[in-house]
Amino acid sequence: MADTYVGRLAPAPTGALHLGNARTFLLAWLRARAAGGKLIYRLEDLDHPKVKPGAAEEAHRDLEWLGLDWDEEYVQSERMDLYRDALERLYHASRVYPCICTRRDLESYQSAPNAGEDLENRYPGLCRDRFADAAAAEAECGREPAWRFRVHDGESFGFLDGFHGWREGVLSDWSGDFPVARGDRPGYQLVVVVDDHRMGVTEVVRGDDLLPSTQRQLALYQALGWTPPSFYHLPLVVGPDGRRLAKRHGDSRLSVVRTQGMGPERVLGWLAWSCGWAENLREWTLAEIREKCDVSRLPRERVTATPDALRWIGMG
Ligand code: GLU
């Protein structure tokens with residue numbers, strides 16, 4: 001229903017926003033606006049070791065510069081009580097257990113696993129049913145244990161992705177139990193579920209590097225007794241070598257163009273071209289994109305940002 005759509009932009013201040021982020025955020029914005037819905041800006045600033053000073057302010061400025069707007073704004077670090085409540089609920093339902101596996105095993109617990117980590121490393125269940133409580137786990141290893149979510153064996157989770165179609169998999173086969181916190185510091189999978197639920201998000205629009213996270217999140221929705229939103233996972237922007245857009249492909253940060261005092265029209269022009277809405281590169285305004293472009297019509301493939309295109313935009 002047009003008036004019930006709630007979407008969100010969820011930047012993590014772990015680095016500068018680049019062209020790939022801009023494409024995802026533009027499409028999230030367009031889908032919300034096309035539905036006549038509400039859009040939430042949510043700063044995902046809990047990934048502590050990776051949060052960069054000033055990146056939150058820069059991301060905010062970049063998205064405003066692009067012309068995007070939103071209706072409500074939240075900061076995850078101000079919402080810790082909500083996440084801890086959810087963790088406690090999972091604890092009382094015996095759905096989490098303390099785990100002392102090494103940092104290496106756990107390095108994906110707090111970040112959105114979209115930095116190319118291998119998600120196929122199934123957790124072998126070493127700490128499952130091993131400790132009576134967190135204190136026993138801590139006594140064993142001398143540090144705060146993590147909390148792992150217990151995935152039921154053989155349970156399958158499926159969802160109809162707005163872009164990729166039906167996705168289904170047996171979570172215990174390829175993921176196994178996954179971490180949701182370290183000590184009382186909640187991690188990405190739990191936090192995103194609590195927030196999307198509490199904020200009434202009806203559709204999650206994000207990069208398809210997070211497709212494998214979705215089944216984990218569905219398991220959390222089920223354990224917490226909440227109805228999940230719909231999902232719409234977009235292909236990533238890649239460099240000419242087919243790998244996700246990164247520094248080695250040239251400087252594609254939005255701030256490069258913004259701080260030269262230029263408007264966003266070339267960035268928007270490239271984005272419109274990348275969505276198949278224009279045959280050639282030219283400058284576009286956001287109003288023009290909103291008026292003329294059909295957000296439900298997108299190319300199926302990953303989009304390549306070439307050095308020539310970056311130069312045309314004013315990046316590179
Ligand atoms: N904050 C995450 C990111 O920067 C997005 C997480 C999500 O959309 O679920 O990629």
Side-chain angles (χ1 to χ4, degrees), residues 6-32 39-52 55-60 62-63 66 68 70 72-79 82-83 86 107-117 119 157 159 161-164 167 178-180 185-221 226 228-238 244-246 252-254:
V6 181
R8 41 57 156 209
L9 309 175
T14 51
L17 296 189
H18 57 63
L19 207 51
N21 304 120
R23 189 170 190 270
T24 305
F25 290 136
L26 172 69
L27 289 166
W29 183 86
L30 282 169
R31 286 186 69 81
L39 193 62
I40 287 167
Y41 182 98
R42 184 169 81 217
L43 184 69
E44 305 212 321
D45 61 344
L46 293 185
D47 194 357
H48 286 303
K50 294 194 201 152
V51 166
K52 301 234 164 62
E57 294 75 16
E58 289 280 296
H60 202 275
D62 284 343
L63 293 178
L66 216 48
L68 307 189
W70 43 87
E72 289 171 20
E73 208 168 306
Y74 299 93
V75 178
Q76 284 186 332
S77 55
E78 295 168 0
R79 299 166 56 79
L82 295 174
Y83 313 135
E107 59 197 5
S108 67
Y109 85 100
Q110 210 171 30
S111 330
N114 48 12
E117 287 106 309
L119 278 165
F157 290 92
F159 63 101
D161 188 79
F163 189 88
H164 290 271
R167 309 286 294 206
F178 57 89
V180 289
R185 296 185 306 285
Y188 165 72
Q189 305 289 0
L190 180 61
V191 161
V192 83
V193 165
V194 171
D195 274 349
D196 285 335
H197 169 71
R198 303 283 301 211
M199 294 173 188
V201 169
T202 60
E203 183 179 72
V204 169
V205 179
R206 61 187 176 193
D208 63 8
D209 51 339
L210 290 170
L211 260 175
S213 286
T214 306
Q215 284 164 5
R216 292 173 172 159
Q217 291 165 20
L218 290 174
L220 291 174
Y221 277 103
W226 297 337
S230 312
F231 293 92
Y232 193 96
H233 287 92
L234 291 158
L236 298 179
V237 175
V238 296
R244 74 184 276 142
L245 196 59
S252 64
R253 290 174 302 158
L254 299 182

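Indexing begins at 1, ligand by ligand and atom by atom, following the structure's order. Computed from a predicted model, the values in this text were never measured in an experiment.
Below 4.0 Å from some heavy atom of Glu44 lie the following atoms of ligand 1, by number and element: 1 (N), 2 (C), 5 (C), 6 (C). Annotation for ligand 1: atoms under 4.0 Å from non-hydrogen atoms of Arg8 are 7 (C), 8 (O), 9 (O). Below 4.0 Å from some heavy atom of Arg206 lie the following atoms of ligand 1, by number and element: 7 (C), 8 (O), 9 (O). Shown in contact with Ala12 at under 4.0 Å from a heavy atom are these atoms of ligand 1, numbered in order with element: 1 (N), 4 (O). Heavy-atom contacts of Tyr188 reach the following atoms of ligand 1: 6 (C), 7 (C), 9 (O) (cutoff under 4.0 Å).
Listed for the Thr24 side chain is no donor-acceptor partner under 3.5 Å among the backbone atoms of Arg206.
Under the 30°/60° scheme for interplanar angles, the aromatic rings of Phe163 and Tyr232 are found to stand perpendicular.
Between His164 and Phe231, the gap from one ring centroid to the other reaches at least 6.0 Å.
Remark: ligand 1 and Val192 share no N or O pair separated by less than 3.5 Å (distance only, no angle test).
Partners of Ser230 under the side-chain hydrogen bond (donor to acceptor under 3.5 Å, both in side chains) rule, at least two apart in sequence or in another chain, do not exist in this structure. The side-chain hydrogen bond (donor to acceptor under 3.5 Å, both in side chains) search around Glu203 returns Tyr5, Arg31, not counting sequence neighbours.
A salt bridge does not link Arg253 with Asp62: every distance from a Lys NZ or Arg NE/NH1/NH2 to an Asp or Glu carboxylate oxygen is 4.0 Å or more.
With a heavy-atom cut-off of 4.0 Å, Leu210 touches ligand 1 through its side chain alone. Within the 4.0 Å heavy-atom criterion, neither part of Gln217 lies near ligand 1.
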